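Here is the structure we will look at.
Model, not experiment: these values are computed from the prediction. No hydrogens, no waters, no symmetry mates; every other heavy atom, side chains included, goes into these values.
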Amino acid sequence: MKLLTSLLFITILCQGQNQIDQAKTLFEAKKYKEAKAILLKVDDDNKDFAAAQYYLGRIAFDEKELDDAEGYLEEAIEANDKVADYHYWLGNVLGTIARDANVVKQGMLASKIKGEYEKTVALDPKNMDAHWGLITFYTEAPGFMGGSFEKALVEAGAIQKLNEADGHRAYGMIYTKQEKFNDAEKEYLLAYKANPAYTNPIVNFYVSRKQNDKAFALLEEAQKNQPENMLIQYQVGRTSAVTGEKLDRGEQCLIKYLSYQPKANEPSHAGAQMRLGQIFEKRGNTAEAKKRYEAAVKLDPAMKEAKDGLARLSK
């Protein structure tokens with residue numbers, strides 16, 4: 001019944017839309033088969049051909065068909081090279097391919113990845129994701145492939161002009177990569193000061209540096225200042241599960257988070273159940289840990305950490 005209601009809702013949304021708008025609606029609803037059926041009918045002499053290839057590329061990327069995604073996005077750019085998103089997503093696809101490629105292929109892809117992100121910001125200087133893409137490239141690629149901390153810092157400056165907190169976060173990430181940890185901490189704290197929602201970067205930094213007391217102190221402050229913020233509740237639980245400290249508090253916060261309905265791009269209930277599984281596992285409560293990992297896998301069959309937890313406890 002729920003599926004039929006969802007399909008009916010999408011059908012109503014699609015009424016009166018042109019082909020590309022219909023496909024976009026279906027794509028955003030993750031109805032990839034239906035979207036592709038529309039997009040594949042758009043011929044190369046159609047004014048919407050570039051957009052059709054773009055959405056086919058996005059679908060292929062989501063379905064992990066990376067070679068197809070690359071081909072579709074190159075077709076989109078060949079048809080219209082003035083759309084920033086086309087270049088941005090081709091950069092993403094090539095970057096994903098490069099992660100699992102050998103050194104020779106990585107070298108061949110490096111300049112193309114950088115080039116696509118550069119074209120994106122040239123067309124749309126406010127495209128924050130593309131600036132982040134360049135930072136990732138400059139900080140991860142070796143020098144002979146174009147990596148450069150100096151250029152990464154320039155991109156951080158561009159981000160800061162768009163959003164102060166994000167700029168400080170970018171500087172913090174770069175300084176962390178350079179192992180300038182004092183400078184990194186200062187930037188992450190400035191990000192948190194500029195926007196109290198930015199607890200994740202500084203807490204994760206403290207945990208990575210095994211400064212757990214600082215992480216929990218900051219989270220306690222954030223909870224006092226934002227008692228109804230469920231994302232902070234989740235983060236307390238996650239930090240407890242990762243560090244093995246303050247397990248009772250972590251359990252309490254995660255159970256509270258499970259009473260909340262997460263929005264898009266917020267931690268899922270599957271994630272909360274998985275973190276509860278880790279907490280119970282650290283306590284030695286195997287039965288309850290298994291129960292929580294199983295709940296996580298039921299909600300999200302692809303959740304690797306939950307499946308790994310079950311495998312550990314089943315030995």
I'd like to know if Glu281 pairs up with Lys290 as an ion pair, taking the criterion as any Lys NZ or Arg NE/NH1/NH2 lying under 4.0 Å from an Asp or Glu carboxylate oxygen. no

Pair Glu155, Tyr117 - check side chain to side chain donor-acceptor pair (under 3.5 Å), show working. CA-CA 11 Å; Glu155 293 302 320; Tyr117 288 140; over 6 Å; no

Are Lys24 and Asp21 ion-paired here, with the side-chain N under 4.0 Å from a carboxylate O? no

When you compare the side chain of Tyr257 with that of Pro267, does any pair of heavy atoms fall below 4.5 Å? yes

For the residue pair Arg275 / Gln278, report whether a side-chain donor-acceptor contact shorter than 3.5 Å exists. yes

Begin from the C-alpha positions of Leu134 and Thr120 and carry the test side chain to side chain contact (heavy atoms under 4.5 Å, CB included) through to its verdict. CA-CA 10 Å; Leu134 282 168; Thr120 303; over 6 Å; no

On a heavy-atom basis, which atom in Leu39 and which in Ala52 lie closest, and how many Å separate them? CD2-CA, 3.7 Å

Step-by-step side chain to side chain contact (heavy atoms under 4.5 Å, CB included) determination, Val121 to Tyr88: CA-CA 9 Å; Val121 297; Tyr88 171 69; over 6 Å; no

Given the rule in the side chain to side chain donor-acceptor pair (under 3.5 Å) test, do Asn204 and Arg238 qualify, once you have shown the distances and angles that lead to the verdict? CA-CA 10 Å; Asn204 291 341; Arg238 176 186 177 277; 3.1 Å; yes

Thinking salt bridges, do Arg283 and Asp248 make one under a 4.0 Å N-O criterion? yes

Does Thr136 offer a backbone N or O that forms a donor-acceptor pair with the side chain of Thr139 under 3.5 Å? yes

Evaluate the side-chain proximity of Asp68 to Ile59: yes if any heavy-atom separation is below 4.5 Å, no if none is. no

Salt bridge (Lys or Arg N to Asp or Glu O under 4.0 Å) partners for Arg209, two or more places apart: none

Applying side chain to side chain contact (heavy atoms under 4.5 Å, CB included) to Met230 and Gln233, what does each step give before you reach the verdict? CA-CA 5 Å; Met230 286 293 155; Gln233 299 289 337; 4.0 Å; yes

Could you walk me through whether Glu185 and Lys214 pass the side chain to side chain contact (heavy atoms under 4.5 Å, CB included) check? CA-CA 11 Å; Glu185 180 181 9; Lys214 285 187 175 183; 3.1 Å; yes

Polar side-chain atom of Tyr234 near backbone of Cys253 as donor-acceptor pair, under 3.5 Å: no

Any idea which heavy atoms bring Ala50 and Ala76 closest together, and the distance? O-CB, 3.4 Å

Over 60° means perpendicular and under 30° means parallel, so classify the ring planes of Tyr171 and Tyr175, tilted if in between. parallel

If we only count heavy atoms from C-beta on, is the Lys31 to Phe27 side-chain gap below 4.5 Å? no

What pair of heavy atoms forms the shortest contact from Tyr293 to Met274, and how long is it? CE2-O, 3.5 Å

When every non-hydrogen atom of Ala60 is compared with those of Tyr72, the smallest separation belongs to CB-CD1, 4.3 Å

When clusters are formed by joining ILVMFWY residues with side-chain heavy atoms under 4.5 Å apart, either directly or through shared neighbours, do Ile135 and Tyr188 land in the same one? yes

Give a yes or no on whether the backbone of Asp45 and the side-chain of Asp43 come within a donor-acceptor separation of less than 3.5 Å. no

Going by an N to O cut-off under 4.0 Å, is there a salt bridge joining Lys298 and Glu294? no

Under 6.0 Å between the ring centres of Tyr54 and Tyr86? yes

What class does the angle between the rings of Phe205 and Phe181 fall in, given that below 30° is parallel, 30 to 60° is tilted and above 60° is perpendicular? tilted

Answer with yes or no whether the side chains of Asn229 and Gln226 bring together a donor and an acceptor at under 3.5 Å. yes

For Glu63 and Lys36, what are the C-alpha separation, side-chain angles and deciding distance, and is it a salt bridge (charged side-chain N to carboxylate O under 4.0 Å, His left out)? CA-CA 12 Å; Glu63 293 182 334; Lys36 283 194 287 188; 3.3 Å; yes

Arg58 to Phe61, cation-pi by 6.0 Å centre distance and 45° axis angle: no

Salt bridge or not between Arg292 and Glu251? Use side-chain N to carboxylate O under 4.0 Å. no

Report yes if some heavy atom in the side chain of Asn92 is under 4.5 Å from a heavy atom in the side chain of Ile113; otherwise report no. no

With side chains defined as the heavy atoms from C-beta onward, is the minimum distance between Glu116 and Leu73 less than 4.5 Å? no

Is the closest side-chain donor-acceptor distance between Gln235 and Asn200 under 3.5 Å? yes

Between Tyr192 and Glu221, do the side chains contain a donor N or O and an acceptor N or O under 3.5 Å apart? yes

Check for me, please, whether Tyr55 and Leu26 land in the same ILVMFWY cluster - side-chain distances under 4.5 Å, paths through other members count. no

For residues 240-247, run the donor-acceptor check on the side chains, cut-off 3.5 Å, and write out each pair with its distance to 0.1 Å, sequence neighbours left out.
from, atom 1, to, atom 2, distance (Å)
Ser240, OG, Glu245, O, 2.8
Ser240, OG, Lys246, O, 3.0
Thr243, OG1, Thr239, O, 2.8
Thr243, OG1, Glu245, N, 3.2
Glu245, OE2, Asn212, ND2, 3.0

